[in-house]
Participant: 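Input: one structure, supplied below.
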Amino acid sequence: RDRLWLKHHIQAVLCFLQFLLVRSMDPGQSVTEYAKASSTSALLSRAIARTKGSPLPLMLKAPVKAEGDGVYADGIKITQLNKFWMYYDNILLLVPLMPAGFVWFMNRVPK
């Protein structure tokens, strides 16, 4: 545990030193560094690393886990049934269905 903390601390210091070095470079080189860091392959590699459970960059401790009663979002307890779809997400379905229903109804009305 202490080794992990030390590793993250060293990474944070190295990242800060790298920031100082990048800041002292000429503008063209810093733009190139930014383009490399925000490239599609870099973003995908970070996303894949996060899905495999590696901690976020510059994080000293593990993510906080919910204890006790469970996880709540907006005062609603998150369960297996509602973790992907909340009742107020139905507006996403109503946006295309309401105009389609209106067109269908207007086609049924006699002239």
Side-chain angles (χ1 to χ4, degrees):
R1 198 171 198 174
D2 292 330
R3 281 185 169 175
L4 185 63
W5 178 84
L6 182 62
K7 178 182 173 186
H8 289 296
H9 186 69
I10 290 172
Q11 285 177 347
V13 170
L14 289 176
C15 184
F16 179 71
L17 291 175
Q18 183 182 9
F19 169 74
L20 291 176
L21 289 174
V22 168
R23 208 173 76 183
S24 65
M25 291 190 290
D26 62 311
Q29 194 172 5
S30 62
V31 170
T32 306
E33 290 293 324
Y34 176 74
K36 285 181 184 177
S38 63
S39 68
T40 307
S41 60
L43 292 173
L44 284 175
S45 65
R46 283 193 298 252
I48 290 169
R50 288 178 183 159
T51 58
K52 291 183 178 180
S54 62
L56 298 174
L58 302 177
M59 210 164 119
L60 298 178
K61 295 183 179 179
V64 177
K65 294 186 178 180
E67 295 179 3
D69 193 21
V71 180
Y72 286 85
D74 295 332
I76 301 170
K77 185 175 180 181
I78 304 298
T79 63
Q80 291 292 332
L81 298 175
N82 68 352
K83 71 177 182 177
F84 295 116
W85 194 264
M86 296 292 218
Y87 69 92
Y88 48 79
D89 291 333
N90 290 326
I91 191 70
L92 294 173
L93 295 176
L94 291 177
V95 168
L97 290 179
M98 291 297 285
F102 178 76
V103 169
W104 175 81
F105 176 74
M106 292 307 288
N107 280 329
R108 297 287 179 194
V109 173
K111 291 184 183 181

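Everything quoted here is computed from the prediction, not taken from an experiment. Sequence positions, counted from 1, serve as the residue numbers for this chain. Values reported hereafter were calculated over all heavy atoms of this structure, with side chains retained and with hydrogens, waters and symmetry mates removed.
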Participant: Quick one: do Leu97 and Leu92 end up in the same hydrophobic cluster if we chain Ile, Leu, Val, Met, Phe, Trp and Tyr together by side-chain heavy atoms under 4.5 Å apart?
Facilitator: yes
Participant: Taking Trp104 as the starting point, is it possible to reach Val109 by hopping between hydrophobic residues whose side chains are less than 4.5 Å apart?
Facilitator: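 Linked within one cluster.
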Participant: For residues Pro96 and Pro99, report the shortest heavy-atom separation together with the two atoms involved.
Facilitator: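 Closest pair (atom of Pro96, atom of Pro99, distance): O-CD, 3.5 Å.
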